[in-house]
Amino acid sequence: MGHARIMIQVLSERYFPPQVNMVVSQSLANRLQLPNHPIWATFGRSSDTAIITTIQTQTPLVRIHSRLAEKLKIRNQQSLNIYYDTRNAKLHFGPVLGILINQDVLGNDKLRFGMMTRFLEECAQACASKGVALVVFSPEEIRLSKGFLRGWTYQGKQWSLTEAPFPDTVYNRITSRRIERRRELQQKLSILRNTYQIPVFNETFLNKQQVHNLLAKDVHMRLLLPETYSYKPKRLRGMLNRHNVVYLKPTNGSLGQGIIRVTAVDKKWVCQYTEATRTVTRVFPRVEEAFRHLRQKIIGSRSPYLIQQGLNLVKWDGRPVDFRVLIQKNGKGVWSVTSTVARVANDQHIVSNLARGGTLRKAGEVLAAVQAVNKPTLQQIRNKALSIVETFERLSQGHYAELGVDLVLDRQGKLWLLELNSKPSKTDETVNPSTVIRPSVNRLVDYVSYITGWDSFLTTGNPEFPKQPDRTRRKR
């Protein structure tokens with residue numbers, strides 16, 4: 001199987017001999033081991049017959065008839081990898097990565113995808129450097145009846161909306177649980193997976209209670225889990241008797257939304273939660289009043305709640321801190337640690353999420369500064385996060401390629417798992433914002449090459465064009 005890195009040039013009928021719809025150099029045809037008879041050409045999940053002729057030139061251009069380009073949904077001047085599968089007589093262009101987002105994140109011309117813009121531009125740059133095609137699309141733009149989708153592609157530092165083939169794999173970055181649960185979207189994803197055999201990874205949000213129950217099946221993971229139950233008033237009373245501080249969390253919550261801290265102090269209950277940019281504190285001399293208030297908060301959230309024990313955690317500069325470890329699958333499909341950061345809570349909030357005013361610090365510096373007996377090393381924190389992810393994958397169903405692991409450290413030096421996140425934020429995972437392409441993006445593209453089967457064929461860099469002008473093009 002020969003492979004190469006090429007550029008696509010889409011031309012009209014007048015540039016092709018009769019019956020021919022693709023022109024390549026003889027050297028490229030030799031490298032790819034292309035036959036003289038018609039073959040299939042594929043791009044993503046689109047395919048059509050290619051009738052190829054060769055010319056004597058050293059250019060890496062592959063000239064494609066506009067009608068064939070329309071069938072394949074392949075764009076002009078696109079830098080791609082290419083290989084020929086001799087067994088099935090198929091010429092593959094690609095791979096094609098599709099990133100699924102919800103339509104309501106679309107912004108304006110300056111920030112096309114709102115807060116996701118920078119991340120997606122980095123994805124486009126990383127893909128371009130490795131000859132991977134990228135299309136960003138919303139559920140509404142999946143045209144099952146027509147066999148293609150409409151999405152955003154990035155070229156010349158601009159996003160443009162265009163038709164694209166069904167991709168070779170889909171990375172789910174839907175940011176809303178409500179949207180992700182819609183029947184129509186789930187039906188479309190099911191058809192892409194089962195009919196078109198397209199792998200969809202990070203396919204769903206995680207439920208806190210389900211993750212807890214799953215990991216509790218493993219004897220080693222059980223030691224990392226704070227005492228946690230589904231919310232019931234009687235359980236809340238018992239938990240407060242044992243721990244004095246508990247947290248009420250929506251099982252389907254994210255970004256620290258809806259979390260309530262309940263503290264028992266001098267026979268009173270103190271309830272704290274975040275509203276907009278401030279923390280609200282309510283003191284209830286009578287337990288019944290606290291229950292009534294909590295019932296209103298929980299019913300209003302439309303999500304089941306769980307009760308979790310409060311922990312005596314280390315603090316940095318007097319503020320709560322946790323450690324976010326980003327674990328991703330690499331170009332060999334193996335879980336590895338990509339980054340570790342410390343997230344320090346705003347002194348006005350009860351959670352450390354950046355969405356709630358928290359800040360990032362280098363994990364090593366924060367770990368060195370906090371006071372704890374027998375505290376772990378940074379490498380031990382990373383190893384623990386890695387073992388959590390590997391255990392979760394072994395016990396769960398679903399296809400995940402990246403997970404955010406939130407760990408906290410108590411004053412005795414013991415690590416606890418707060419949360420496992422299948423949609424880790426793409427704005428808070430680095431303390432080096434000047435980095436052109438963050439490591440997590442490069443690892444994402446490496447995994448795409450693995451899951452699509454292109455890992456043996458991807459090349460880095462731009463195709464080498466000859467220094468002399470290409471005289472095979474007709475003068476205008």
Side-chain angles (χ1 to χ4, degrees), residues 118-119 122 126 202 206 211 215 220-221 223-226 254-256 311 313-317 319-332 334-346 351-372 374-393 400-447:
R118 182 184 163 201
F119 165 69
E122 289 178 32
N202 283 56
L206 298 178
V211 170
L215 291 176
H220 301 292
M221 293 297 105
L223 300 174
L224 298 169
L225 303 174
S254 58
L255 302 177
L311 302 167
L313 301 178
V314 297
K315 293 187 176 181
W316 185 84
D317 196 24
R319 294 181 286 171
V321 62
D322 68 23
F323 298 93
R324 160 62 65 88
V325 186
L326 181 65
I327 312 285
Q328 292 178 288
K329 286 187 175 176
N330 60 21
K332 296 181 179 179
V334 177
W335 288 110
S336 7
V337 176
T338 300
S339 64
T340 309
V341 295
R343 302 188 304 177
V344 182
N346 182 309
V351 294
S352 61
N353 301 72
L354 298 199
R356 298 294 169 184
T359 55
L360 288 184
R361 291 290 184 271
K362 291 183 179 179
E365 293 179 1
V366 171
L367 186 61
V370 298
Q371 300 298 314
N374 300 319
K375 68 182 175 185
T377 64
L378 185 57
Q379 189 58 50
Q380 287 173 326
I381 291 177
R382 290 170 175 160
N383 291 343
K384 189 66 69 176
L386 194 57
S387 68
I388 290 169
V389 166
E390 291 171 342
T391 303
F392 171 77
E393 181 177 54
Y400 300 95
E402 68 173 356
L403 291 164
V405 184
D406 294 344
L407 295 167
V408 291
L409 182 65
D410 70 18
R411 295 180 184 274
Q412 300 306 310
K414 176 177 167 56
L415 282 171
W416 299 84
L417 173 64
L418 276 192
E419 187 175 3
L420 204 57
N421 190 343
S422 63
K423 303 290 181 75
S425 170
K426 293 306 172 185
T427 60
D428 68 348
E429 62 181 305
T430 177
V431 289
N432 269 324
S434 61
T435 303
V436 176
I437 298 177
R438 67 194 84 180
S440 63
V441 169
N442 282 318
R443 185 156 282 176
L444 165 67
V445 180
D446 290 342
Y447 179 70

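Quantities reported herein were computed from a predicted structural model and do not represent experimental measurements. Values below: all heavy atoms of this structure, side chains included; hydrogens, waters and symmetry mates excluded.
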Trainee: Tell me, please, which residues at least two apart from Asp446 pass side-chain contact (heavy atoms from CB on, under 4.5 Å).
Mentor: Lys130
Trainee: Any sub-3.5 Å donor-acceptor pair from Lys384's side-chain atoms to Leu417's backbone N or O?
Mentor: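 Pair absent, no side-chain N/O of Lys384 close to backbone of Leu417.
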Trainee: Taking all heavy atoms of Arg438 and all of Lys426, pick out the closest pair and write down the distance.
Mentor: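 Closest pair (atom of Arg438, atom of Lys426, distance): NH1-O, 2.5 Å.
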Trainee: Please check this pair: side chain of Arg443 against backbone of Val337, looking for a donor-acceptor N/O pair closer than 3.5 Å.
Mentor: yes
Trainee: Test Leu386 against every option in Val325, Ile327, Thr391 by the side chain to side chain contact (heavy atoms under 4.5 Å, CB included) rule and name the one that passes.
Mentor: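 Exactly one candidate clears the test, Ile327.
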Trainee: Roughly how far apart are Trp316 CH2 and Thr359 OG1, rounded to 0.5 Å?
Mentor: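 These two atoms lie 6.5 Å from each other.
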Trainee: Between Leu215 and Leu224, does the side chain to side chain contact (heavy atoms under 4.5 Å, CB included) criterion hold? Intermediate values first, please.
Mentor: CA-CA 9 Å; Leu215 291 176; Leu224 298 169; over 6 Å; no
Trainee: Between atom CZ of Arg382 and atom OG1 of Thr377, what is the distance when rounded to the nearest 0.5 Å?
Mentor: 9.0 Å
Trainee: When you look at CD of Gln371, are more than 12 heavy atoms from neighbouring residues, nucleotides or ligands closer to it than 6.0 Å?
Mentor: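 Not buried by this count: 12 neighbours or fewer within 6.0 Å.
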Trainee: Drop me the distance from Lys329's NZ to Leu444's CG, to the nearest 0.5 angstrom.
Mentor: 13.0 Å
Trainee: Say you draw a straight line from OG1 of Thr338 to CG of Asn442; how long is it, rounded to the nearest 0.5 Å?
Mentor: 10.0 Å
Trainee: Of all the heavy-atom pairs spanning Glu390 and Trp335, show the shortest one and how long it is.
Mentor: CG-CD1, 4.1 Å
Trainee: Over all heavy atoms of both residues, which pair between Pro376 and Leu367 is shortest? Give the atoms and the distance, please.
Mentor: O-CD2, 3.4 Å
Trainee: What's the spacing between Trp416 CH2 and Leu407 CG if we round to 0.5 Å?
Mentor: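 Between atom CH2 of Trp416 and atom CG of Leu407 there are 12.0 Å.
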Trainee: Backbone N or O of Gln412 within a donor-acceptor pair of the Asp410 side chain at under 3.5 Å?
Mentor: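 Pair found, side chain donor or acceptor close to backbone of Gln412.
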Trainee: Using side chain to side chain contact (heavy atoms under 4.5 Å, CB included), reason through Met221 and Leu223 one step at a time and then give a plain yes or no.
Mentor: CA-CA 5 Å; Met221 293 297 105; Leu223 300 174; over 6 Å; no
Trainee: Is there a side-chain contact between Asn421 and Arg324 (heavy atoms, below 4.5 Å)?
Mentor: yes
Trainee: Can you tell me how far apart CG (Leu326) and CG (Leu403) are? Round to the nearest 0.5 Å.
Mentor: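 Nearest 0.5 Å value for the CG-CG distance: 8.5 Å.
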Trainee: In sequence, state the C-alpha distance, the side-chain angles, and the governing distance for Arg343 and Asp406, and then conclude on side chain to side chain contact (heavy atoms under 4.5 Å, CB included).
Mentor: CA-CA 10 Å; Arg343 302 188 304 177; Asp406 294 344; 3.1 Å; yes
Trainee: So which heavy atom on Ser422 is nearest to which on Tyr400, and how close?
Mentor: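 What the structure gives for the nearest pair is CB-CE2, 3.8 Å.
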Trainee: Any sub-3.5 Å donor-acceptor pair from Asn202's side-chain atoms to Glu402's backbone N or O?
Mentor: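 A pair under 3.5 Å: yes.
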Trainee: Taking all atoms of both residues into account, what is the closest heavy-atom pair of Val370 and Lys375, and its distance?
Mentor: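 Closest approach of Val370 to Lys375: O-NZ, 2.8 Å.
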Trainee: Which heavy atom of Val321 sits nearest a heavy atom of Val314, and at what distance?
Mentor: CG1-O, 3.9 Å
